[in-house]
Participant: 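Below you will find the structure I want to go over with you.
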Protein chains: 2
Amino acid sequence: MLSKKTKYGIKALTYLARQEQNVPVSIATISEMENISLKFLESILLTLRKSGLLGSKKGKGGGYYLLKNPKDIKMTTVMRVLEGPIAMIPCVSLNYYEKCDDCPTETECAVHLLMIRVRDSNLKIYGETSLADLINY
Amino acid sequence: MLSKKTKYGIKALTYLARQEQNVPVSIATISEMENISLKFLESILLTLRKSGLLGSKKGKGGGYYLLKNPKDIKMTTVMRVLEGPIAMIPCVSLNYYEKCDDCPTETECAVHLLMIRVRDSNLKIYGETSLADLINY
DNA sequence: TTTTAACCCTATAGATTTAGTAGGGTATCG
DNA sequence: CGATACCCTACTAAATCTATAGGGTTAAAA
């Protein structure tokens, strides 16, 4: 299951991507427009800023804004920042690999084999989808 | 992330699928061979039996066995039984659909759009992979 | 018929993760 | 200076996961 954190994070990013000019938008505005709890959203946007996807401006007229063009923000990055590894199991993760305790040889593991297929297919989708692709409805 | 329950369940199913004859195999045997906690495995096999994938035989010489040919057991079924919905979010689930609280119109939701793509691609993989496909390593 | 192997089933508990909430601190603009 | 808005840490309630406990039932073999 996708966490609310990821869901809200993507909604916030697309809200910012839809702005005509790239001026700062306050947490409060995004919170209202997208129906997201203000304090929860605050912590999500903080994560996105620390990851390098968003910039922020403090004080009156401040808020968050995208640091890159929406078409240059791949969902692979967004998902890794918000949801964590794209692989469904550590033994097939490219960035967070970890051996299974219970498998003597992972090439013989059915789960391993299946999850490699799932990982590759999901990586393909996230890799060829950008923020810009998600706002053209 | 894939739960241990699903992981162990798939490993148990493939263990049964690898048997030459379809004779009952005890929980204890599978537990030892696949390094899975006996009691945890017991509850997983119970789930698989109740879902109609496995049959069981009580008493001495008893155990669990597949009710169908491995090539006729699609991973779509296995995943739904063990892990639950294949969709990553209820608003794109075919079998467990639920509307999001925060979305006025879901056709305009970026998350919805993205997760439909992910769901379809995963459904395709699970649909064209059978238990038999996973034991040919 | 008694013993033993093996599944049946419910309840519970500890650990972890999720989804927030609280509350004060800091920077900026007018 | 004071209002606005982000910064950051800590905490908590609820849910989920990963088992474990323990007794009950069935069936085959001695």
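Reminder, nothing fancy here: chain letters follow the sequence lines and each chain counts from 1.
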Participant: In whole Å, I'd like the distance from the CG atom of A:Leu41 to the P atom of D:dC7.
Facilitator: 12 Å

Participant: For B:Leu45, answer base if it contacts any base atom (sugar-phosphate contacts may also be present), sugar-phosphate if it contacts only those atoms, and nothing otherwise; contact means non-hydrogen atoms under 4.0 Å.
Facilitator: nothing

Participant: Which atoms of nucleotides 26-28 of chain C (N or O only) lie under 3.5 Å from a protein N or O atom, and what are those distances?
Facilitator:
from   : atom 1 : to      : atom 2 : distance (Å)
C:dA27 : O4'    : A:Lys58 : NZ     : 3.4

Participant: Output the rounded distance in Å from CG (B:Leu38) to C1' (D:dA21).
Facilitator: 13 Å

Participant: To check you understand the geometry: which heavy-atom pair defines the closest contact between B:Ala28 and B:Leu38, and what is its length?
Facilitator: CA-CD1, 3.6 Å

Participant: Are B:Ile10 and B:Met33 linked, directly or through intermediate hydrophobic residues, by side-chain heavy-atom contacts shorter than 4.5 Å (ILVMFWY only)?
Facilitator: yes

Participant: Can you list, pair by pair, the side-chain donor-acceptor contacts under 3.5 Å of residues 64-82 of chain B, counting residues two or more places apart and other chains?
Facilitator:
from    : atom 1 : to       : atom 2 : distance (Å)
B:Asn69 : OD1    : B:Lys71  : N      : 3.1
B:Thr76 : OG1    : B:Tyr126 : O      : 3.1
B:Thr76 : OG1    : B:Gly127 : N      : 3.3

Participant: Passes side-chain contact (heavy atoms from CB on, under 4.5 Å), A:Ile125 versus A:Thr129? Steps please.
Facilitator: CA-CA 6 Å; A:Ile125 292 175; A:Thr129 308; 4.1 Å; yes

Participant: Could you tell me which non-hydrogen atom of B:Gly9 sits nearest to which non-hydrogen atom of B:Ile44, and how far apart they are?
Facilitator: CA-CG2, 3.7 Å

Participant: Quantified as the angle between the terminal helix axes (five pairs each), what is the overall bend of the helix from C:dT1-D:dA30 to C:dG30-D:dC1 to 10 degrees?
Facilitator: 10°

Participant: Tabulate atom names and distances for all N/O pairs under 3.5 angstrom spanning the protein and nucleotides 22-24 of chain C.
Facilitator:
from   : atom 1 : to      : atom 2 : distance (Å)
C:dG23 : O6     : A:Lys39 : NZ     : 2.2

Participant: Applying side chain to side chain donor-acceptor pair (under 3.5 Å), can you list everything that pairs with B:Ser51, at least two apart in sequence or on another chain?
Facilitator: none

Participant: Count the heavy atoms of every other residue, nucleotide or ligand shown that sit under 6.0 Å from CE of A:Met1, and state whether that count exceeds 12.
Facilitator: yes

Participant: Does a nitrogen or oxygen in the side chain of B:Tyr64 sit under 4.0 Å from OP1 or OP2 of C:dC8?
Facilitator: yes

Participant: What salt bridge (Lys or Arg N to Asp or Glu O under 4.0 Å) pairs are there with at least one residue in residues 39-57 of chain A, not counting sequence neighbours?
Facilitator: A:Lys39-A:Glu42

Participant: Would A:Leu13 and A:Leu134 count as a side-chain contact (heavy atoms from CB on, under 4.5 Å) here? Give the steps.
Facilitator: CA-CA 10 Å; A:Leu13 286 171; A:Leu134 294 182; over 6 Å; no

Participant: Applying a 4.0 Å non-hydrogen cut-off, can you work out what B:Lys7 is touching in the nucleic acid: base, sugar-phosphate, or nothing?
Facilitator: nothing

Participant: So, A:Asp133 side chain and A:Ser130 main chain: donor-acceptor pair closer than 3.5 Å or not?
Facilitator: yes

Participant: Could you tell me the separation between the CE atom of A:Met1 and the C1' atom of C:dT18, rounded to a whole number of Å?
Facilitator: 14 Å

Participant: Does A:Leu114 reach the side chain of A:Val111, with side-chain heavy atoms less than 4.5 Å apart?
Facilitator: no

Participant: Determine the minimum heavy-atom distance between A:Pro104 and A:Lys99, stating which atoms define it.
Facilitator: O-NZ, 4.2 Å

Participant: What is the distance from CG of A:Leu54 to C1' of D:dC7, rounded to the nearest Å?
Facilitator: 14 Å

Participant: Could you name each residue pair satisfying side chain to side chain donor-acceptor pair (under 3.5 Å) that touches residues 4-13 of chain B, not counting sequence neighbours?
Facilitator: A:Asp102-B:Lys7, A:Asp102-B:Lys11, B:Ser3-B:Thr6, B:Thr6-B:Glu83

Participant: Would you say A:Ile27 and A:Val23 are hydrophobically clustered, going by side-chain heavy atoms of ILVMFWY under 4.5 Å?
Facilitator: no

Participant: Hey, is the main chain of B:Ile36 close enough, under 3.5 Å, to the side chain of B:Ser31 for a donor-acceptor pair?
Facilitator: yes

Participant: To the nearest Å, give me how far apart CD1 (B:Ile27) and C1' (D:dT20) are.
Facilitator: 14 Å

Participant: List the residues meeting side chain to side chain contact (heavy atoms under 4.5 Å, CB included) with B:Arg119, not counting sequence neighbours, and say none if there are none.
Facilitator: B:Ala87, B:Val92, B:Leu94, B:Ile116, B:Leu123

Participant: With 3.5 Å as the limit, what N/O pairs link the protein to nucleotides 14-16 of chain C?
Facilitator:
none

Participant: Show each protein N/O and nucleotides 17-19 of chain D N/O combination with a separation under 3.5 Å, one pair to a line.
Facilitator:
from   : atom 1 : to     : atom 2 : distance (Å)
D:dT18 : OP1    : B:Lys4 : N      : 3.3
D:dT18 : OP2    : B:Lys4 : N      : 3.1

Participant: Starting at CD1 of B:Ile36 and ending at P of D:dT20, how long is that distance when rounded to a whole Å?
Facilitator: 13 Å

Participant: Could you tell me whether the side chain of B:Ser121 reaches within less than 4.5 Å of the side chain of A:Asn122, counting heavy atoms only?
Facilitator: yes

Participant: Taking only residues two or more places apart in sequence or in another chain, which ones pass side chain to side chain contact (heavy atoms under 4.5 Å, CB included) with A:Glu128?
Facilitator: A:Lys124

Participant: Using side-chain contact (heavy atoms from CB on, under 4.5 Å), reason through B:Asp101 and A:Asn35 one step at a time and then give a plain yes or no.
Facilitator: CA-CA 8 Å; B:Asp101 292 332; A:Asn35 302 304; over 6 Å; no

Participant: Between the protein and nucleotides 10-13 of chain D, are there any N/O to N/O pairs under 3.5 Å, and if so, what are the atom names and distances?
Facilitator:
none

Participant: If you compare every side-chain N and O of B:Arg49 against the phosphate oxygens of C:dC9 (OP1, OP2), does one of them come in below 4.0 Å?
Facilitator: yes

